[in-house]
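Single-structure report; data block below.
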Amino acid sequence: MGLGLLALRASRSLALNRLPRAFAYQNPSNNAIIRGIVSTPELQNPEAAAAVQQPEPAPELPPRKPVAGARVHFTNPDDAIEVFVDGYPVKVPKGMTVLQACEIAGVDIPRFCYHSRLSVAGNCRMCLVEVEKSPKPVASCAMPALPGMKIKTDTPIAKKAREGVMEFLLMNHPLDCPICDQGGECDLQDQSMAFGSDRGRFTEMKRSVVDKNLGPLVKTVMTRCIQCTRCVRFATEVAGVQDLGILGRGSGEEIGTYVEKLMTSELSGNVIDICPVGALTSKPFAFKARNWELKGTESIDVTDAVGSNIRIDSRGPEVLRITPRLNEDINEEWISDKTRFFYDGLKRQRLNDPMIRGPDGRFKAVTWRDALAVVAEVLHQVKAEEIVGVAGKLSDAESMMALKDLLNKMGSNNIWCEGNGSDPQADLRSGFLLNSSIAGLEKADVFLLVGTQPRVEAAMVNARIRKTVRATQAKVGYIGPPTDINYDHQHLGTGTQTLLEIAEGRHPFCSALLHAKNPAIIVGAGLFEHKDKDAMFSAVETIAKLGKVVRPDWNGLNVLLLNAAQSAALDLGLVPESGNSVESAKFLYLMGADDVDLDKVASDAFVVYQGHHGDRSVYRANVILPASAFSEKEGTYENTEGCSQETLPAVPIVGDARDDWKIIRALSEVAGIRLPYDTLGAVRTRIRTVAPNLLHLDEREPSAISSVAVKPQFSQKVSIAPFGAAVENFYMTDSITRASKIMAQCTAQLLK
Amino acid sequence: MASLLKNALKAIREKGIVNALRTLREEGYTKCLLDGNILQTKIHNIGGTLVGVDKFGNKYYQRYEGIPHGRHRWVEYGDKGRYNASQIPAEWHGWLHHITDHTGDELLMLKPKRYGIDHKQNYSGEGEELIYHSKGHALNPGQRDWTRYQSWQPTKK
């Protein structure tokens, strides 16, 4: 927090005063029983404090670093103004607040209500600083910096002001830190170390507030609330739900939903992070662990295609919670509820032993040697074109590479990834990526959502669109089934009919597209499964040409993918040879694929399921090979905008499971077609020859050529059909989330 | 001393010699010679007023005359073999230590019916099975069902 530094500086300035104080205490008459509550009694009187302050010699200022890498961006160099923070000159753009100026100058101001991504409330008064020629201390979060302002952050007046605020805040705050889940990561706890008094003057009863029921995710202990209103502002501004509000005044003031109501937002878990005290905490994590017992592993979320940056907090072999990491380009500092709370699925329904289905239809646990021998034997018995491989939603690039290599060595090229459809277009990366990038969506001024419901398909992308709509009043047109969108939009139609109308310029929304500076079209990956997807995509490309969506300086033609594995699979060229390969398959290798329609599989087909959860496909499998989940392995994932990121192992692998690529490598050895890699590094070297962009971690690799320029015009007739919803249930989309109890609760309570 | 003998004779006359001897043993007189603490308490009891007896058989006495300050109230433990201070229930503890003048019987009325649990003496050093272990303690026999993960059961379907 940097508060230690602040306290240190405060005490250093006090060291100058130590001499007069020592004299005062030697005088017995002065050593009276009456003592102030503040730990620095001589500061009770500001005038006296100012009087004892010795004239400091011009201090040597060590160069300071901005707090938490705060950067200044000058849009107009003329707008720069100079302010002095503790005598240290700093240039900031006009319109910045005093608090931001202090951050750039390297001074961390204590705060509760101020949050950089929310509007300014200015009601906690913790950020008081002294400004020269100002009669009172000013709340720095709400005060704009003015030219030549002399800001003092560590003077006795500022310190005393903050001590006073802290005393009032603690007046009605319960002393239940020992049983509070926020303990150890609580802003109030941290800041009371620097500004709290060592005794209390409050002898009346503390206020108590009835706890609210906000649903299965957020636990409330409203007595702890300090009315910073961060949660209220988050709900209205970022999450876009009007559920939370403030009721009453004075000591009767409380945060609530007014009527008994659950918080039905897909981002509700973030209020846990922004709450500076323990009023809003995680319900599934309640009383499970202390934050200092946890080991944090910086990883990537795989439940949707956004690839939100997360930290997996684990203790021993258990994942105990998931919290967001800051990544301005992808998820800012929020994550969706599914990402935050699906982790208990990692502990349930796990496959931990290789199993073979016996003649009686029962599974029997066997050794790896036996299981791989059986698979290898069958692999050699079937014809090459009858071998089919399907990669699942959660597959990493390394294992998909290994599976493709294995199948290619057997002479088959029938391999694809779930969600990409039977005939995916993988030649041009612009045809399946979010080309304008997630952060780039903020530049757009007109959105056209075609067959996608970003709120359930990619909650973080939806938050970005909402941010744009809120900031710039961008227009949003939506084509698809009726759905709940949490910003102003026009529902243009439900299917291809409307799409064609816009493509032919007959629709009123065309004028909005034509007049837009940076129009963005977002096509949902649910369209990949449609029969005439080529015609639909041509229609979209016609619209793109019409509205000049793709220009050298702006590429607004986007595809929003659904699953973590999709874009890496297309980059690696996981494209099946024939459209109906599942029906003709005699050997089906499912690598975590649980959403394949297994009714179509022939009854005499041999199905191998390699995965970490016993979900849907295991019931049809002949052999089960247990693999590791994303929290247990190192794997590369590419998100929907083409940014490769890496998961890191947080917890050990369960039972006898192995990493996906290792299983395939072992199988190839048993089958006598050894794959030429033994380490993860060697697999990545192989990936480099196919898709080098997958190895450029944390870097977005935009596509070089736009698909609009090179693709032919559409001529195929499109059947007039409405688009379906790609995601039925936001909380349960893959094998891990379907195994999660918390997600099941959410489905039951929040999706009513 | 004379009254003591008179009382003993009276008891023998009333109960018969066998019963009187049994009472003597239960009251701990037979242990007096081996255990000085009991003998000392028995001598102290002479002239003391019995204030109450708790459910464990501990007898609470008091006497205010002719006794040095701070020894006005005392207890004769019900358990004559392994007596210790943790056998005093909470309601009598206050009376015994001059925290309150209300006797344990009076304070028992205040004990919450719904969640007030019975007093239990401290069994430290008396054997692992008697000692309280918290929920997650490795020695707690009932609480070891924690599993790292729950595996998929193939026979379910």
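All chains are named by letter (A, B, ...) in the order of the sequence lines, taking the proteins before the strands, and each is independently numbered beginning at 1.
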Using a 4.5 angstrom heavy-atom cutoff, name the option from A:R350, A:H613, A:R348, A:R357 with the most pairs to chain B. A:R350
As an exercise, state the distance from CD of A:E318 to OG1 of B:T147, rounded to the nearest 0.5 Å. 8.5 Å
Does any part of the side chain of A:P652, heavy atoms only, come nearer than 4.5 Å to the side chain of B:R148, both counted from C-beta? yes
Value for CD (B:Q150) from NZ (A:K741), rounded to nearest 0.5 Å, stands at 7.0 Å
In terms of heavy-atom contacts, does NE2 of B:H102 have more than 12 from other residues, nucleotides or ligands at under 6.0 Å? no
Are more than 12 heavy atoms, taken from residues, nucleotides or ligands other than A:R290, located less than 6.0 Å from that residue's CZ atom? yes
For residues A:R362 and B:P154, determine if any side-chain heavy atom of one lies less than 4.5 Å from a side-chain heavy atom of the other. no
Within 6.0 angstrom of B:L110 CG, more than 12 heavy atoms from elsewhere: yes
Spatial distance of atom CG (A:L346) from atom OH (B:Y149) [nearest 0.5 Å]: 13.5 Å
Rounded to the nearest 0.5 Å, what separates atom OH in A:Y619 from atom CH2 in B:W152? 5.5 Å
